[in-house]
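Have a look at the structure below, then the notes.
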Amino acid sequence: MLNYVESHAPLESCGLLAGRDSKVEKIFFVQNQAHSAVRYVMDPIEQLNAFEWIDSNEMELLGIFHSHPTGPETVSPTDISEAAYAVIYIILARG
Ligand SMILES: [Zn+2]
């Protein structure tokens with residue numbers, strides 16, 4: 001996950017975590033459609049495909065991650081207003 005995020009810096013990258021019983025078994029790296037250093041928009045097709053894969057493998061969505069390659073280490077107001085799912089949100093920021 002960290003390698004992936006590093007390789008896309010300075011653009012934000014994002015993805016989904018899926019698994020069973022709160023244990024992550026699968027990581028999906030989803031294209032950031034915004035191609036931006038300050039925000040992310042998950043590619044809707046990739047996101048949908050991931051959700052279908054998760055369903056058909058009887059897993060559940062556990063988390064959503066994205067990077068803040070140029071900081072801050074905290075969530076942005078946009079992150080909060082766009083957080084649509086009741087899952088764990090992970091932000092990978094450069095320290
Ligand atoms: Zn963010």
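Read the numbers this way: they start at 1 and go in the same order the structure lists the ligands and their atoms. Just so it is clear, the model here is predicted, and its values are computed rather than measured.
Under the 3.5 Å distance criterion, the side-chain polar atoms of N32 are matched with a main-chain donor or acceptor of V41.
Aromatic pair F65/F28: ring centres not closer than 6.0 Å.
Looking at H68 and D79, their side chains do bring a donor and an acceptor atom within 3.5 Å of each other.
Ion pairing between a basic and an acidic side chain is recognised when a charged N comes within 4.0 Å of a carboxylate O; E12 and R39 show no such pairing.
Angle NE2 (H68) to the Zn ion (ligand 1) to OD1 (D79): 150°, rounded to 10°.
The Zn ion (ligand 1) is closest to atom NE2 of H66 (considering only N, O or S atoms).
Not a single N/O/S atom of E12, whether from backbone or side chain, sits less than 2.8 Å from the Zn ion (ligand 1).
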